[in-house]
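Residue numbering restarts at 1 for every chain, and letters A, B, ... go by the order of the sequence lines.
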Amino acid sequence: MKGDRQVQELIPVILKDGTIHHVPQGSTLGDVAAGLSRRLAKEAVVARVNGDLKDLASQVRPEDKVEFLTFEDEDGRTVYRHTSAHILAQAVKRLFPEAKLTIGPAIEEGFYYDFDSPEAFTTEDLARVEEEIKKIIKADYPVVRQEVTHEEAIEFFNKQDEPYKVKLIEELPPEAQVTLYSQGEFTDLCLGPHLPRTGMVGVVKLLSVAGAYWRGSEKNKMLQRIYGISFPKQKDLDEYLKRIEEAKRRDHRKLGQELDLFGIADEGPGFPFFYPKGMIIRTELENFWRDVHRRWGYKEIKSPIILNRSLWERSGHWDHYKENMYFLKIDEEDYAVKPMNCPGAILYYKTRLHSYRELPLRLAELGLVHRHERSGVLHGLLRVRCFTQDDAHIFMLPEQITDEIINVINLIDYFYRTFGFTYRVELSTKPENAMGSDEIWELATSSLVKALEKKGIPYQVNEGDGAFYGPKIDFHLQDSLGRNWQCGTIQLDFVMPENFDLTYIGEDGSRHRPVMIHRVAFGSIERFLGILTEHYAGAFPAWLAPVQVKVISVASRHVPYVLDVARQLEERGIRVEVDDENERVGYKIRQGELEKVPYLLVIGDQEVDSRTVRVRKRGEGDTGPARLDEFIRKLQQEIEQKLCI
RNA sequence: GCUGAUGUAGCUCAGCGGUAGAGCAGCGCACUCGUAAUGCGCAGGUCGUGGGUUCAAAUCCCACCAUCAGCUCCA
């Protein structure tokens with residue numbers, strides 16, 4: 001009567017929605033899922049039990065609060081991909097038994113596994129590994145968790161000749177329980193949890209192989225890292241690969257060349273060139289910037305690129321930023337190329353006495369700075385060695401801090417909205433190499449928090465990520481592909497005013513110390529243009545487009561009218577080009593579309609006769625005939641309002 | 001900086017020990033044409049740079065330069 005007794009011993013578990021479900025004692029989480037729905041039976045990858053993630057193979061206890069996760073849940077996806085990483089490691093060990101296992105976590109997009117292998121893996125190797133992965137998935141090995149003692153674990157991995165695993169275990173406290181996960185012949189040290197079976201993984205795609213240091217430190221040995229991604233269905237993988245393709249298609253380095261906007265010569269690694277068309281976009285961005293700053297009460301200055309060593313010693317850059325700076329000698333004296341604009345702005349501030357009545361004093365500067373970046377990190381316009389910061393330094397009374405920060409937040413918000421970006425805010429606090437006392441940092445940080453809270457903006461805190469002179473608020477904007485870019489930043493600074501002995505004359509007639517804000521909106525004009533290029537996929541809105549209208553002749557007899565139309569557009573301030581080549585219309589239209597010109601005007605007999613133009617809108621095709629002045633009026637409005645259409 | 005891959009005409013790429021090739025772009029000629037590539041012809045390269053091996057190097061070896069991917073995700 002053993003069976004009867006089991007049936008009677010039901011235990012209660014609490015489900016996600018609060019309902020109580022009774023299951024036989026000794027049930028696993030997998031059993032519970034299977035009893036709830038067919039969908040869960042198939043798709044549950046892991047369970048959250050009383051807040052902790054647990055393998056589906058583990059048993060439930062009475063009163064457990066249980067929630068089942070699938071690939072759709074972030075944590076479920078992480079487990080799914082972590083198991084994928086184990087499958088990758090198993091496949092690699094089969095094909096390359098001499099490769100040593102290290103670590104293999106799931107990451108934001110996919111997973112990786114690092115191996116110490118005598119031979120570097122090639123792309124062909126990856127294809128073979130992928131085949132082996134398919135076999136492992138097909139074999140559908142159960143993934144079995146096992147708890148062993150510290151000693152047993154070390155002995156096991158010593159026997160397996162896996163020195164990195166032994167090292168990892170040795171770093172754990174000796175009394176700790178160590179968990180092992182096995183699937184088929186493969187066993188890995190792992191905290192888990194994992195999928196119950198290898199067959200639950202749908203498709204795995206290995207993406208790339210690259211070097212990576214053991215524990216991320218350059219002092220350690222370089223390992224071979226294989227990156228991969230996995231999905232339940234081929235369709236999901238295809239979509240992911242399509243998204244990668246789309247990002248490649250939008251790569252600003254590629255578009256910058258195709259559209260003739262900018263480029264980088266071998267002779268100047270990290271020092272970009274702007275070509276005439278890129279220069280137009282850049283100038284439009286700067287015009288917009290000047291216009292906004294005028295309206296927000298800023299004055300503009302320009303400080304020199306090269307300044308004497310003594311200045312950089314006083315500012316702290318000599319001690320805190322030296323390895324990123326370029327130096328030169330002039331008349332036997334040491335000079336540095338500026339990596340930041342703040343000391344220049346401070347020198348201007350110090351050219352005369354300031355009254356409390358003129359604060360806040362907002363000094364803006366499009367300042368060209370140079371910073372030494374390691375050769376391996378350069379990347380088009382996004383990571384360069386010289387760039388133009390759309391900088392500003394605000395000198396103010398301590399009681400103006402919160403209002404000023406809110407003012408800057410409003411300005412940055414206005415900037416990003418113009419380009420159709422949404423954004424996220426982060427607050428960074430005191431770093432290791434900071435200048436200034438804890439009290440000052442405390443005060444500065446709480447001022448930033450106060451401004452954010454007053455604006456009701458949600459933010460994330462990054463401990464220890466601030467600048468050496470003060471805490472900061474960073475703006476991470478999100479582009480049309482959902483990627484994040486750090487651009488704007490607001491940094492509060494009590495240190496520089498102290499170092500440079502900055503003062504203002506207060507109401508009481510005596511000298512007081514002002515507070516400083518450093519801030520950028522674009523961040524770097526060059527980088528922002530790179531981001532915009534990818535965001536718009538090269539199809540810039542009319543206000544930024546290097547050529548706004550291209551006028552195309554059908555046959556050579558139409559050229560005089562084409563030139564007349566172009567002249568009228570030009571007179572109304574529109575950037576226009578004429579294509580009067582002896583080519584077919586189809587050819588010229590194709591050129592115009594490839595150049596991503598917002599409007600093409602096609603002119604043939606009909607247009608000449610009726611003195612009209614035929615409008616073709618970028619990406620939409622022929623939109624029919626129009627009167628020229630009507631077209632110009634609409635386009636001017638589109639440009640004026642900076643519409644993204 | 002480190003690991004790996006790459007570097008051939010303005011662009012995209014083929015050639016991988018026997019002395020440089022295509023398509024597009026450019027130039028010329030013909031066609032005068034209605035919404036994403038008309039046809040024919042011409043011209044264009046010290047094969048990233050510098051060494052070496054060889055009768056012979058774009059091709060093999062070494063060094064350097066540049067580019068690309070990665071080097072934060074921690075059993």
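Across the protein-nucleic acid pair, A:Lys219 atom NZ and B:U3 atom C1' stand 18 Å apart, rounded to whole Å. In this structure, A:Asp75 places its CG atom 15 Å from C1' of B:C73, rounding to the nearest Å. Counting to the nearest Å, the P atom of B:U49 and the CG atom of A:Asp266 are 11 Å from each other. The nearest whole Å value for the distance from the CD atom in A:Gln591 to the C1' atom in B:A25 is 9 Å. The separation between A:Asp580 atom CG and B:C33 atom P is 16 Å, rounded to whole Å. If you measure from atom OH of A:Tyr587 to atom C1' of B:G34, you get 18 Å, rounded to the nearest angstrom. Across the protein-nucleic acid pair, A:Lys588 atom NZ and B:U38 atom P stand 11 Å apart, rounded to whole Å. One can place CG of A:Leu223 at 13 Å from P of B:G4, the figure rounded to the nearest angstrom.
Residue A:Arg253 places at least one side-chain N or O under 4.0 Å from the OP1 or OP2 atom of B:C68. Neither OP1 nor OP2 of B:A69 sits under 4.0 Å from any side-chain N or O of A:Tyr112. One finds a side-chain N or O of A:Ser375 lying less than 4.0 angstrom from the OP1 or OP2 phosphate oxygen of B:G1. One finds a side-chain N or O of A:Gln257 lying less than 4.0 angstrom from the OP1 or OP2 phosphate oxygen of B:U12.
Base contact: A:Asp605 has a heavy atom under 4.0 Å from a base atom. Across all strands, A:Glu607 comes closer than 4.0 Å to base atoms (heavy-atom distances). Contacts of A:Gly604 with the nucleic acid, taken as non-hydrogen atoms under 4.0 Å apart, include base atoms. Nucleic acid contact class of A:Gly216 (heavy atoms, under 4.0 Å, all strands): sugar-phosphate only. A:Lys165 comes within 4.0 angstrom of sugar-phosphate atoms only, judged by non-hydrogen atoms across all strands, and of no base. Counting any heavy atom pair closer than 4.0 Å across all strands shown, A:Val585 reaches sugar-phosphate atoms only and no base atom. As judged by a 4.0 angstrom heavy-atom cut-off over every strand, A:His379 is placed among residues touching the sugar-phosphate backbone only. Among the protein residues, A:Tyr227 comes within range of the sugar-phosphate backbone only, with heavy atoms under 4.0 Å from sugar or phosphate atoms but none that close to a base. A:Glu171 comes within 4.0 angstrom of no nucleic acid atom, judged by non-hydrogen atoms across all strands. Here A:Arg557 lies in heavy-atom contact (under 4.0 Å) with sugar-phosphate atoms only. Within the 4.0 angstrom heavy-atom criterion, only backbone atoms of the sugar-phosphate kind lie near A:Leu378; the bases stay farther away.
Remark: the separation of the C1' atoms in B:C65 and B:G51 is 14 Å, to the nearest Å. With both ends at atom C1', the span from B:U53 to B:C11 equals 35 Å, rounded to whole Å. Going from the P atom of B:G18 to that of B:A58 covers 10 Å, rounded to whole Å. Between B:A22 and B:U6, the two P atoms lie 25 Å apart (nearest whole Å). Rounded to the nearest Å, the gap between the C1' atom of B:G17 and that of B:A57 is 6 Å. Using P as the reference atom, B:G48 and B:A14 are 13 Å apart when rounded to the nearest Å. Atom P of B:U59 sits at a distance of 14 Å from the matching atom of B:U19, rounded to the whole Å. B:C68 and B:C27: their C1' atoms are spaced 34 Å apart (whole Å).
The backbone N or O of A:Leu101 lies less than 3.5 Å from a partner atom in the side chain of A:Glu162, making a donor-acceptor pair.
Across all strands shown, B:A63 pairs with B:U49; the Watson-Crick or G-U wobble distances both stay below 3.5 Å. The partner of B:G28 is B:C40, by the rule that a Watson-Crick or G-U pair needs both atom distances under 3.5 Å. The base-pairing partner of B:G23, taking Watson-Crick or G-U wobble contacts with both distances under 3.5 Å, is B:C11. Of the nucleotides present, none pairs with B:C33 by Watson-Crick or G-U wobble criteria with both distances under 3.5 Å. The base-pairing partner of B:U54, taking Watson-Crick or G-U wobble contacts with both distances under 3.5 Å, does not exist among the strands shown. A 3.5 Å limit on both hydrogen-bonding distances identifies B:C2 as the Watson-Crick or G-U partner of B:G70. Nucleotide B:C16 forms a pair with no other nucleotide shown, judged by Watson-Crick or G-U wobble geometry with both contacts under 3.5 Å.
Across B:U32, B:G34, B:U38, the shortest atom-to-atom separation from the side chain of A:Ser556 is found for B:U32. Distance from the side chain of A:Asn582 is smallest for B:U32 among the nucleotides B:U32, B:G70, B:A36. Comparing B:C73, B:A36, B:U67 by their nearest atom to the side chain of A:Arg616 picks out B:A36. Residue A:Tyr213 has its side chain nearest to B:C2 when only B:C2, B:C11, B:U35 are considered. Side-chain proximity of A:Val377 to B:A66, B:A36, B:C71: nearest is B:C71. Here B:C2 is the nucleotide among B:C33, B:C73, B:C2 with the atom lying nearest to any side-chain atom of A:Met222. Nearest to the side chain of A:Asp622, among B:C33, B:C71, B:U35, sits B:U35. Considering only the side chain of A:Ala210, B:A69 comes nearest among B:A36, B:A69, B:C33.
Using a 4.0 Å cut-off between a side-chain N of Lys or Arg and a carboxylate O of Asp or Glu, A:Arg616 and A:Glu593 qualify as a salt bridge. Remark: A:Arg145 engages A:Glu147 in a salt bridge, criterion side-chain N to carboxylate O under 4.0 Å.
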With side chain to side chain contact (heavy atoms under 4.5 Å, CB included) as the test, would you mind laying out the steps for A:Leu255 and A:Leu261 before giving the verdict?
CA-CA 8 Å; A:Leu255 288 171; A:Leu261 303 177; 5.8 Å; no

Assess the residue pair A:Ile229 and A:Tyr240 against the criterion (side chain to side chain contact (heavy atoms under 4.5 Å, CB included)); give the C-alpha distance rounded to whole Å, side-chain angles, the decisive distance to 0.1 Å, and a yes or no.
CA-CA 9 Å; A:Ile229 195 155; A:Tyr240 171 79; 3.4 Å; yes

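Judged by atom type and distance alone, A:Arg225 does not reach the base of B:C71 through any side-chain donor-acceptor pair under 3.5 Å.
Nearest-nucleotide positions on RNA chain B place A:Ile264 closer to the 5' end than the other of A:Ala176 and A:Ile264. Residue whose closest nucleotide on RNA chain B sits further toward the 5' end, between A:Glu581 and A:Arg614: A:Glu581.
The cationic atom of A:Lys277 (NZ for Lys, CZ for Arg) does not lie both less than 6.0 Å from the six-membered ring centre of A:Tyr275 and within 45° of the ring axis.
A:Phe115 has its ring centre no less than 6.0 Å from the ring centre of A:Phe96. Taking the six-membered ring where the residue is Trp, the centroids of A:Phe111 and A:His82 are separated by 6.0 Å or more.
For the residue pair A:Glu151/A:Thr149, the side-chain donor-acceptor check at 3.5 Å is not satisfied. Looking at A:Glu132 and A:Gln90, their side chains never bring a donor and an acceptor atom within 3.5 Å of each other.
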